[in-house]
Amino acid sequence: MFITKNQERIITLRSSAGFNDAEALALMFEDKELADDGTLPGRLKAILDATESKIVPGLQTGIEFQDVGFKGDRNHAGKGFKDPHPSSRNQVGHFLTAVGLAYRPETVSRHVLGIRMRDHIGIPKELSDHDVALRLTIGHELSPDPNVLLAGILGAALPPGLPLGGASATIYYEIWNSYRNQFFSVKPEDVGAFLIAINALGTNPLLNMDRAEVALLPIFLKIRVQERGNSYQDLRLSLVGWYLGEAILQGRFTSGKQVAEWVRRNLKE
């Protein structure tokens with residue numbers, strides 16, 4: 001598989017950080033060898049382009065990470081940002097997915113197999129891309145992640161002649177069906193609680209997670225932590241990721257070094 005120079009550099013950064021994933025995330029924003037256009041938006045674009053999945057646009061799990069160095073613990077009722085589920089422990093990718101959806105929500109209208117992603121999911125036309133991106137960010141914790149491995153195994157047993165081949169067809173069906181369930185699991189009150197939590201984080205360099213936790217409680221109560229990929233920790237990570245994406249979009253950060261220090265202060269143990 002072809003690897004770009006930025007992808008190779010990010011993999012090197014993880015190694016140079018001693019495989020501390022939270023520190024590697026910070027380094028991505030301030031590293032001088034990562035190629036960009038010299039601006040913070042350009043740096044974020046370079047990071048998102050390098051870490052994007054080859055299967056689903058906007059899903060930033062194209063490079064393997066874990067949750068080493070993030071605050072918190074892996075208990076199902078735990079604090080912080082570590083992931084209780086081994087199958088979805090790429091917390092760098094999870095965080096960057098939320099950042100990217102907030103920064104460029106038009107991602108949900110990108111095409112896969114000639115069809116817009118939001119149309120694969122069956123989202124009503126009257127909803128804006130921003131609303132769709134926000135609901136997908138929240139719904140990711142209210143319905144299980146796609147079981148891609150099982151879908152591939154089952155698909156391998158299908159007869160030949162399907163447009164994508166048996167395994168590919170079942171994998172794509174599993175992905176879009178899962179995203180559809182996640183999207184429609186979100187109710188208006190969940191969106192309201194999430195937006196209140198965003199405001200509760202405040203504007204200081206150190207986020208007010210205690211206030212945000214209170215606002216998130218109605219959503220926490222709906223999370224089934226035994227389901228694949230669903231956790232309180234991931235909802236917190238989505239919240240702060242969305243916060244950062246909006247902050248960069250609105251110009252509240254002006255340099256990658258500022259973002260790197262923000263990551264270390266708020267996410268790193």
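It should be emphasised that the depicted structure is a prediction, and the values quoted were computed from it without experimental measurement. Excluded from the calculations below are hydrogen atoms, water molecules and symmetry mates; all remaining heavy atoms, backbone and side chain alike, are included.
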Test: Arg252 cationic atom under 6.0 Å from Tyr243 six-membered ring centre, within 45° of axis: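 Verdict for Tyr243: a cation-pi partner in Arg252.
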Between [Y] and [X], is the closest basic N to carboxylate O distance under 4.0 Å?
X	Y	value
Glu106	Arg116	no
Arg236	Glu213	yes
Glu33	Arg9	yes
Lys79	Asp73	no
Arg264	Glu261	yes
Arg43	Asp37	no

In terms of ring plane angle, is the pair Trp262 and Phe253 parallel, tilted or perpendicular, where the classes change at 30° and 60°?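 Trp262 and Phe253: perpendicular rings.
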With under 30° as parallel and over 60° as perpendicular, where do the rings of Phe220 and Tyr232 fit, or are they tilted in between?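 Aromatic pair Phe220/Tyr232 classed perpendicular.
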Student check: side-chain heavy atoms of [X] and [Y] closer than 4.5 Å:
X	Y	result
Leu207	Asn204	no
Ile223	Ser231	no
Thr51	Thr61	no
Pro41	Leu44	no
Leu142	Ile219	yes
Val68	Phe19	no
Leu127	Phe183	yes
Ile63	Asn90	no

Report the C-alpha separation of Asp129 and Arg104 in whole Å, then their side-chain angles, then the decisive distance to 0.1 Å, and conclude whether the salt bridge (Lys or Arg N to Asp or Glu O under 4.0 Å) test is met. CA-CA 9 Å; Asp129 285 347; Arg104 51 185 191 190; over 6 Å; no
Of all heavy-atom pairs between [X] and [Y], which one has the smallest distance, and what is that distance?
X	Y	value
Ala260	Ala26	CB-O, 3.3 Å
Gly69	Lys82	N-NZ, 3.8 Å
Asp36	Gly38	OD1-N, 2.8 Å
Ser109	Arg118	OG-CD, 3.4 Å
Asn6	Ala35	OD1-N, 2.9 Å
Glu23	Ala17	CG-CB, 3.9 Å

Please test Ile123 against Met117 for side chain to side chain contact (heavy atoms under 4.5 Å, CB included), starting from the C-alpha separation and ending with a verdict. CA-CA 9 Å; Ile123 294 170; Met117 288 200 300; over 6 Å; no
If hydrophobic clusters are built by linking Ile, Leu, Val, Met, Phe, Trp and Tyr wherever their side-chain heavy atoms come under 4.5 Å apart, do [X] and [Y] end up in the same one?
X	Y	result
Val191	Ile196	no
Leu206	Val240	no
Val214	Phe81	no
Ile121	Ile115	no
Ile55	Trp176	yes

Can you find a side-chain donor-acceptor pair between [X] and [Y] that sits under 3.5 Å?
X	Y	value
Ser88	Asp83	yes
Glu8	Thr12	no
Glu246	Trp242	yes
Arg224	Gln226	no
Asp49	Gln7	no
Ser143	Gln182	no

Atom [atom1] of [X] and atom [atom2] of [Y]: how far apart are they, to the nearest 0.5 Å?
X	Y	atom1	atom2	answer
Lys71	Leu237	NZ	CG	12.5 Å
Leu216	Ile198	CG	CD1	8.5 Å
Asp67	Glu269	CG	CD	9.0 Å

Measuring centre to centre across the rings, with the benzene-like ring taken for any Trp, is His76 within less than 6.0 Å of His85?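 Here the rings of His85 and His76 have centres that are less than 6.0 Å from each other.
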Residue pairs fulfilling salt bridge (charged side-chain N to carboxylate O under 4.0 Å, His left out) with at least one residue in residues 185-201, sequence neighbours excluded: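 Non-adjacent pairs meeting salt bridge (charged side-chain N to carboxylate O under 4.0 Å, His left out): Asp190-Lys222.
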Sequence neighbours left out, what passes salt bridge (charged side-chain N to carboxylate O under 4.0 Å, His left out) with Asp21? Give chain and number order.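 Here the qualifying residues are Arg14.
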Start with the C-alpha distance between Arg89 and His94, add both sets of side-chain angles, then the distance that settles side chain to side chain contact (heavy atoms under 4.5 Å, CB included), and finish with yes or no. CA-CA 8 Å; Arg89 202 160 278 169; His94 185 117; over 6 Å; no
Check whether any side-chain N or O of Arg180 sits under 3.5 Å from a backbone N or O of His120 as a donor-acceptor pair, and report yes or no.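 Yes; at least one donor-acceptor contact below 3.5 Å.
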Pick one: which of Ile3, Leu27, Thr4, Leu34 meets side-chain contact (heavy atoms from CB on, under 4.5 Å) with Ile10?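 Option passing the side-chain contact (heavy atoms from CB on, under 4.5 Å) with Ile10: Leu34.
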If the condition is side-chain contact (heavy atoms from CB on, under 4.5 Å), which residues does Glu64 pass it with, not counting sequence neighbours?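 If we apply the side-chain contact (heavy atoms from CB on, under 4.5 Å) test to Glu64, skipping adjacent residues, the hits are Gln66.
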The test is side-chain hydrogen bond (donor to acceptor under 3.5 Å, both in side chains); show your working for Gln91 and Asp234 and say whether it passes. CA-CA 8 Å; Gln91 296 303 76; Asp234 280 358; 3.0 Å; yes
Checking side-chain hydrogen bond (donor to acceptor under 3.5 Å, both in side chains) for the pair Thr254/Gln258: CA distance, chi angles, key distance, verdict? CA-CA 7 Å; Thr254 57; Gln258 284 182 325; 3.0 Å; yes
Stepwise, does the side chain to side chain contact (heavy atoms under 4.5 Å, CB included) test hold for Leu244 with Phe95? CA-CA 10 Å; Leu244 179 61; Phe95 175 77; 3.6 Å; yes
Glu52 and Leu96: side chain to side chain contact (heavy atoms under 4.5 Å, CB included), yes or no, with the steps? CA-CA 9 Å; Glu52 188 172 68; Leu96 289 174; over 6 Å; no
